[in-house]
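Written below as structure tokens is the structure these notes are about.
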Amino acid sequence: MLQTTNVKTLDRVVIRFSGDSGDGMQLAGNIFSNVSAGEGNEISTFPDYPAEIRAPQGSLSGVSGFQVHIGRGVHTPGDQADVLLAMNPAALKTNLQYLKPDGIIICDTDTFRPADLKKALYETDDPIAELGIDPKRVLGVPMTTLLQHTLADSGMDPKSIMKCKNMLALGLICWLFDRPVESVLRKLQAKFAKKPAVYEANAKVIQAGWDYGHNTHSSMPTYRIETAATQPGTYTDINGNTATAWGLIMASEKSGRPLFLGSYPITPATDILHELAKRKDLGVKACQMEDEIAGVCSAIGASYAGHLAVTTTSGPGLALKSEGIGLAVMMELPLVVVDVQRGGPSTGLPTKTEQTDLMQALYGRNGESPLCVVAAASPTDCFTMAFEAARIAVEHMTPVILLTDAFIANGSSAWRIPEEKDFPEIHPHYVTSEMIERGWKPFERDEESLVRFWAVPGLEGGMHRVGGLEKDIKTGAISTDGPNHEKMVNIRREKIARIADDIPELQIGGATDADTILVGWGGTYGHLFTACEELNASGVPVAFAQFRYINPLPKNALEELRKYKNIIVAELNTGMFADYLQMHLPGVEIKRINKIEGQPFLVKEITDGVRNLISKA
């Protein structure tokens, strides 16, 4: 007999996984995202880590979340979820605010015991009624009981069995959104290749979760998510930190210079160090140094020795590296500094996101220390901008600071793996034997770009000295002459300014003929782009520009911005980029939308803010 199933087709959907830090929500969410990318969906993810390290089990402060948006036209993780998976009462209580009013809740009913409710600070023994939730929206699943029955004959101890519960939940979500179990099993098989017994247990549990959902199909609809039209190629989902590492490797290949990373672990940048440490097969040298200062100094030494040198950090580490970065500015050596921004000041909010290191990146060094600053716009753009940071550093002989942030570093998007031909060759300015024969000096420069030439050790006659004391502009010898110092300061400044001739012009999107332009920089791109689309669709004409090149600004940037009556800058700080633009646009009022809560923007916050500012203009 044929059964009638309740299947709904959607363009896009938002799912939020939530549970204790040890419940494996990040792993379950990542696998689901990866499988969805493989199915042709666009994705955007937001891992929301708790600030506490291993908070008490079942407590409100220990809840870990992972939100993923899949479908077509996806640019953000979504303001609110269509489905909330809550593994315990604390997860339900803290994450209900992120669920749409008509959203579905899937929860483990085995965890809603009196002791669990007490830990989560409920006042009654009926959390659904206490939170004002319509019971028809709740699919209660006895996950713990089902898990124990599924693995009763596995020989695993109770603690090991409980570690598989996230995979049961994943199987249930895969049923709900028509994800093929086979794709999930392939991901698990790769993860547990050296632990076949663990793989077998998790595979069995995933199938049990899918089967449970299938057997209850009459009480809950399933969803088919439309796929996006995509360019042919190989796709995967990738997070920003991994994309950054791979972009640096591509730059190493294209420049012909071996990649060296000197870094010290710091949240949320450490995964770049982890990823590059795996790549000895590609000639990467990754050194975990004893502190942040050693990290940048080892990279400077490697750069002098002819490597593509990189150091990675977050805001507190960038402060410690400041003198070393100033040294690289004066030595005019290529160096990439990746700053994955987090909440501050000091150690602040280590697991949360902000855009509060901009002024530190631009000006946070003693003396006149100009350098190039760029910012990635999305997890996948981290690949492109890491490559671009390395290209600029090598071709212009300067340190470059690449700003990402915790949101795009930990978040992921569907990514088409590029072909080698998609990226240009990188051309270092090498000292040649002919230059040495005619009397080359260390600060001899290319006349057009003002870039000094790179004397890689081993070149006969190329022995030279650079360092932290000022050098004579002609001879390269140590100089304390005032006029010479002024010339060197000005030429280093002008060298950075001329990079504007070597970067793309600013692109304006949206309603380009509107009176208002919405402006952002870095990792807020998806939210601002979506807000601009929604505003224009609702009859509020708005243009849009997202800056990825901060210093120098694109050549046409100021001219383009002056065309608009209302310039609104939205950023996750108190207005740093707005202040920076204001400095370059005297007499022009820069309006602001700011958020400093350790969380990314909601699209609604942007659209409401723009409407409010336009009404006051």
Side-chain angles (χ1 to χ4, degrees), residues 11-12 14 44 46 69 73-80 97-98 100-101 353-356 358-359 375 377-378 405 407-408 505-550 553-554 556-617:
D11 279 338
R12 61 185 74 93
V14 180
S44 177
F46 173 42
H69 191 179
V74 170
H75 301 286
T76 78
D79 282 8
Q80 290 183 299
Q97 61 182 313
Y98 304 117
K100 292 178 179 177
T353 194
E354 281 184 0
Q355 291 182 298
T356 46
L358 179 61
M359 289 304 179
S378 68
D405 58 60
F407 168 60
I408 60 173
E505 292 192 342
L506 181 67
Q507 299 297 311
I508 308 296
T512 56
D513 57 349
D515 290 335
T516 300
I517 184 168
L518 177 61
V519 176
W521 66 276
T524 58
Y525 168 78
H527 295 88
L528 271 61
F529 177 85
T530 304
C532 182
E533 283 194 323
E534 291 188 5
L535 286 163
N536 284 312
S538 69
V540 181
V542 175
F544 173 59
Q546 189 79 3
F547 282 80
R548 295 153 76 224
Y549 298 88
I550 309 296
L553 291 168
N556 68 326
L558 302 180
E559 177 186 353
E560 289 294 327
L561 292 179
R562 286 193 181 96
K563 296 177 181 178
Y564 295 92
K565 176 183 175 182
N566 299 311
I567 302 173
I568 301 173
V569 177
E571 51 188 322
L572 298 176
N573 56 45
T574 56
M576 293 183 180
F577 190 60
D579 288 342
Y580 181 63
L581 289 180
Q582 190 77 77
M583 180 175 66
H584 288 85
L585 292 167
V588 176
E589 181 186 5
I590 306 290
K591 300 178 174 67
R592 299 134 193 269
I593 299 173
N594 303 112
K595 181 177 181 178
I596 322 105
E597 298 178 4
Q599 298 286 323
F601 278 119
L602 301 179
V603 173
K604 187 177 187 300
E605 291 171 336
I606 303 297
T607 56
D608 287 352
V610 170
R611 288 191 176 96
N612 182 50
L613 289 170
I614 290 176
S615 70
K616 294 179 179 179

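Residues take their numbers from the sequence shown, with the count starting at 1. What you see is a predicted model, and the numbers here were worked out from it, not measured in a lab.
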Under 3.5 Å donor-acceptor, [X] side chain and [Y] backbone:
| X | Y | answer |
| --- | --- | --- |
| Y580 | I550 | yes |
| D405 | I408 | yes |
| Q582 | V588 | yes |
| Q546 | L528 | no |
| H69 | T76 | yes |
| T530 | H527 | no |
| E571 | A578 | yes |

Provide the closest heavy-atom pair for [X] versus [Y] in the form atom of the first, atom of the second, distance.
| X | Y | result |
| --- | --- | --- |
| G520 | F577 | O-CE2, 4.4 Å |
| N594 | G575 | ND2-N, 3.4 Å |
| Q355 | G523 | NE2-N, 3.9 Å |
| V610 | I593 | N-CD1, 3.7 Å |
| P77 | S44 | N-OG, 3.3 Å |

List the residues meeting side-chain contact (heavy atoms from CB on, under 4.5 Å) with [X], not counting sequence neighbours, and say none if there are none.
| X | value |
| --- | --- |
| T356 | E354, N573, M576 |
| N536 | A511, C532, P541, V542 |
| L558 | L553, R562, H584, L585 |

Please report the interatomic distance [atom1]([X]) to [atom2]([Y]), rounded to the nearest 0.5 Å.
| X | Y | atom1 | atom2 | value |
| --- | --- | --- | --- | --- |
| K616 | I614 | NZ | CD1 | 12.5 Å |
| Q599 | E605 | CD | CD | 10.0 Å |
| F544 | I568 | CZ | CD1 | 12.5 Å |
| I606 | E534 | CD1 | CD | 11.0 Å |
| I517 | K591 | CD1 | NZ | 13.0 Å |

Applying ring pair (Phe, Tyr, Trp, His ring centres under 6.0 Å), name anything that partners F46, two or more places apart in sequence or on another chain.
F407
Taking only residues at least two apart or on different chains, which pairs with a member in residues 510-520 satisfy side chain to side chain donor-acceptor pair (under 3.5 Å)?
T516-N566
Please list all pairs passing the salt bridge (Lys or Arg N to Asp or Glu O under 4.0 Å) test where one or both residues lie in residues 575-585, with sequence neighbours left out.
D579-R592
Taking the side chain as every heavy atom from C-beta outward, state whether R611 and S538 have any pair of such atoms under 4.5 Å apart.
yes
Pair V14, Q80 - check side chain to side chain contact (heavy atoms under 4.5 Å, CB included), show working.
CA-CA 7 Å; V14 180; Q80 290 183 299; over 6 Å; no
Dump the intermediate steps for side chain to side chain contact (heavy atoms under 4.5 Å, CB included) on I508 and Y564, then the final yes or no.
CA-CA 11 Å; I508 308 296; Y564 295 92; 3.5 Å; yes
Do the rings of H75 and Y525 sit parallel, tilted or perpendicular, given the 30° and 60° boundaries?
perpendicular
